[in-house]
Amino acid sequence: MNTVRRYAVALPGTPGGQAAPRTVIVHRTDSLGPASEPVYEDATGHFRFQISGAVAEVLELPAEYGTAHPCLEAVPMP
């Protein structure tokens, strides 16, 4: 099981738009996702991911992100 407490998750900019990519820092919660992996969320609780290895699976995003790619890069943070 994953023991990393924090990750940086890279969110792509809007396809065809000029918005720069965004990085969100998420921390481990006590919840488990659909695959029984830990759930990570940002300080607001708007961004929620299940992370396995270096892959963040989207569980919840704010509406302005629409349907982002379901798997994003996750980088462990100290």
Side-chain angles (χ1 to χ4, degrees):
M1 181 172 277
N2 192 339
T3 59
V4 177
R5 303 293 303 164
R6 295 184 333 142
Y7 280 93
V9 177
L11 298 168
T14 305
Q18 300 299 318
R22 177 177 177 182
T23 301
V24 177
I25 303 299
V26 294
H27 63 277
R28 187 175 177 158
T29 68
D30 292 331
S31 301
L32 294 178
S36 297
E37 293 286 344
V39 171
Y40 292 77
E41 66 181 28
D42 74 324
T44 67
H46 294 135
F47 296 90
R48 292 174 52 86
F49 303 95
Q50 176 176 274
I51 299 176
S52 179
V55 178
E57 180 182 345
V58 175
L59 298 177
E60 185 177 334
L61 290 175
E64 68 255 22
Y65 283 91
T67 54
H69 193 282
C71 297
L72 304 169
E73 181 181 12
V75 178
M77 299 294 292

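Model, not experiment: these values are computed from the prediction.
Taking each heavy atom of H27 and D42 in turn, the nearest pair found is CE1-O, 3.7 Å. Nearest heavy atoms, A74 versus Y7: CB-CD2, 3.7 Å. The minimum heavy-atom distance linking P62 with F47 is given by the pair CD-CE2, 3.5 Å. Scanning both residues, I51 and E37, for their nearest heavy atoms gives O-OE1, 3.9 Å.
The side chain to side chain contact (heavy atoms under 4.5 Å, CB included) test with F49 is passed by exactly one of V39, L72, L59: L72.
For I25, the side-chain contact (heavy atoms from CB on, under 4.5 Å) partners two or more places apart in sequence, or in a different chain, are R6, A8, M77.
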Could you check L61 against L11 for side chain to side chain contact (heavy atoms under 4.5 Å, CB included), going step by step and ending with a plain yes or no? CA-CA 10 Å; L61 290 175; L11 298 168; 4.2 Å; yes

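In this structure, CZ in R28 is found 13.0 Å from CD in E41, a value given to the nearest 0.5 Å.
V55 and V4 sit in two unconnected hydrophobic clusters of ILVMFWY residues. Membership requires side-chain heavy atoms under 4.5 Å apart, directly or through other members.
The shortest distance between side-chain heavy atoms of P34 and Q50 falls below 4.5 Å.
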